[in-house]
Amino acid sequence: MKNIINRTNIFKSLYEKGFKVSNVNVYRDDYLKMMLDINNRKIRPSVTSVMSMSIKLKFRCIREFNQGLGVYHDITGEKLFEEGYINNMISEKQAAKVVSDLLENHDVLLFEHFMCDIIGHKKDMKLALSELEKIDNFLGGLINFIDLKNNVIFITSDHGNIEDLSVKTHTNNLVPTIIINETMKKCDIKITNLCDIEKVIKYIVNKG
């Protein structure tokens, strides 16, 4: 699978066409060291990490989080704060501002948020509601900060989970794809599976 991703992925495709792409996610320095160790079989890179590696993107670490140049996967850095990696968390709107600022120097940014998956496995309604509120605040910030006439917010997932807390596993429910933009009226590409996501992103980028 890693060889396939290295050979072809949305980052590589856009990069080879001259677009400036980046992964917004911050990695803990110790986690990153283990992930990049080819002899470590416990910590393996995610798809988006392999995508980043395929075009030799520099990973964002704790230093970048403290400099306002990256966002941790839980948005606010709460986990980093609890484990003593940082001295201060940030708000959801501050995280949105980080993404907005980074967009000034990039064509395409990716932020991977997988807390919905983790909480879905826990089947915890209180945590689920709190997480959805956090995401709502983050997205609200993005919508306010980003120029939606010239930029697009693209939201999707590879599977469901948090929407059904009666099961610990991933669900078979249909996954929505949300495209937020003030000028793009219609996309003729029908999204039926993950393979269509790249087509839509290319369509959006080429529309300029």
Side-chain angles (χ1 to χ4, degrees), residues 1-2 4-14 19 21-26 44-52 54 71-76 79 92 95-96 99-100 103 106-143 146 148 151-207:
M1 182 66 73
K2 188 175 179 180
I4 294 172
I5 299 167
N6 264 316
R7 188 166 62 249
T8 175
N9 64 74
I10 186 63
F11 270 11
K12 192 168 187 178
S13 176
L14 293 172
F19 292 102
V21 302
S22 186
N23 186 340
V24 175
N25 287 79
V26 164
R44 301 186 185 187
S46 66
V47 171
T48 56
S49 298
V50 176
M51 285 166 51
S52 299
S54 73
V71 180
Y72 199 54
H73 70 259
D74 65 2
I75 299 176
T76 62
K79 194 68 174 175
E92 296 93 335
V99 176
S100 174
L103 190 57
H106 296 85
D107 299 304
V108 179
L109 294 176
L110 180 143
F111 174 62
E112 182 179 15
H113 180 74
F114 46 85
M115 290 305 298
C116 290
D117 189 25
I118 293 172
I119 291 170
H121 289 307
K122 291 181 178 180
K123 300 171 65 177
D124 188 317
M125 179 60 75
K126 184 177 180 180
L127 278 178
L129 292 174
S130 175
E131 188 61 31
L132 292 174
E133 182 178 354
K134 181 187 291 187
I135 294 170
D136 190 52
N137 290 334
F138 175 66
L139 291 174
L142 279 178
I143 290 169
I146 291 177
L148 292 173
N151 296 285
V152 178
I153 298 174
F154 190 97
I155 308 164
T156 194
S157 177
D158 54 348
H159 57 73
N161 195 336
I162 199 172
E163 83 283 0
D164 184 358
L165 298 180
S166 67
V167 295
K168 279 189 174 182
T169 57
H170 299 161
T171 69
N172 293 319
N173 294 325
L174 294 175
V175 175
T177 295
I178 301 169
I179 301 173
I180 306 174
N181 176 261
E182 291 182 2
T183 58
M184 191 175 73
K185 296 180 180 179
K186 185 179 180 181
C187 176
D188 295 326
I189 301 170
K190 186 176 181 180
I191 301 173
T192 59
N193 58 60
L194 280 177
C195 295
D196 295 325
I197 300 299
E198 181 176 4
K199 298 176 188 176
V200 177
I201 292 176
K202 285 182 178 178
Y203 172 86
I204 293 171
V205 171
N206 290 331
K207 280 284 186 178

For residues 129-143, which side-chain N or O atoms pair as donor and acceptor with protein atoms under 3.5 Å away, sequence neighbours left out?
unit_1: Glu131; atom_1: OE2; unit_2: His113; atom_2: NE2; d: 2.7
unit_1: Lys134; atom_1: NZ; unit_2: Asp74; atom_2: O; d: 3.3
unit_1: Asn137; atom_1: ND2; unit_2: Glu133; atom_2: O; d: 3.4

Give me the atom names and distance for the closest heavy-atom approach of Val71 to Ala95.
CG2-O, 3.8 Å

Heavy-atom donor-acceptor pair, Asn25 side chain to Tyr72 backbone, under 3.5 Å:
no

Within a radius of less than 6.0 Å around CD1 of Ile178, do more than 12 heavy atoms belonging to other residues, nucleotides or ligands occur?
yes

With respect to Ile162, which candidate in Leu127, Thr171, Asp124, Ile119 satisfies the side-chain contact (heavy atoms from CB on, under 4.5 Å) definition?
Ile119

Decide yes or no for Leu103 and Asn151: does some side-chain heavy atom of the first lie under 4.5 Å from some side-chain heavy atom of the second?
yes

Separation between OG of Ser157 and CG of Leu194, rounded to the nearest 0.5 Å:
8.0 Å

Considering residues at least two apart in sequence or located in another chain, which fulfil the salt bridge (Lys or Arg N to Asp or Glu O under 4.0 Å) criterion with Glu198?
Lys202

Between Thr8 (side chain only) and Ile4 (backbone N and O only), is there a donor and an acceptor less than 3.5 Å apart?
no

Looking at Phe111 and His73, what are the two nearest heavy atoms and their distance?
CZ-O, 3.9 Å

Donor-acceptor pair, distance only, cut-off 3.5 Å: does the side chain of Ser54 make one with the backbone of Met51?
yes

What pair of heavy atoms forms the shortest contact from Asn9 to Phe11, and how long is it?
OD1-N, 3.0 Å

Heavy atoms from other residues, nucleotides or ligands near CG of Asn172 exceed 12 (cutoff 6.0 Å)
no

Please report the interatomic distance CD1(Ile201) to CG(Leu14), rounded to the nearest 0.5 Å.
7.5 Å

Where is the tightest heavy-atom contact between Met125 and Leu165, given as atom of each residue plus distance?
CA-CD1, 3.5 Å

Does any N or O in the side chain of Asn161 come within less than 3.5 Å of the main-chain N or O of Asp117, such that one atom is a donor and the other an acceptor?
yes

Tell me if the NZ atom of Lys123 is crowded by more than 12 foreign heavy atoms within 6.0 Å.
yes

Could you tell me whether a side-chain N or O of Lys12 sits under 3.5 Å from a main-chain N or O of Asn6, the two making a donor and an acceptor?
yes

Separation between NZ of Lys199 and CD1 of Ile189, rounded to the nearest 0.5 Å:
7.5 Å

Among residues two or more places apart or on two chains, list those pairs meeting ring-ring contact (aromatic ring centres under 6.0 Å, His included) that have a residue in residues 157-193.
His121-His170, His159-His170

Asn23 side chain to Leu109 main-chain N or O, any donor-acceptor pair under 3.5 Å?
no

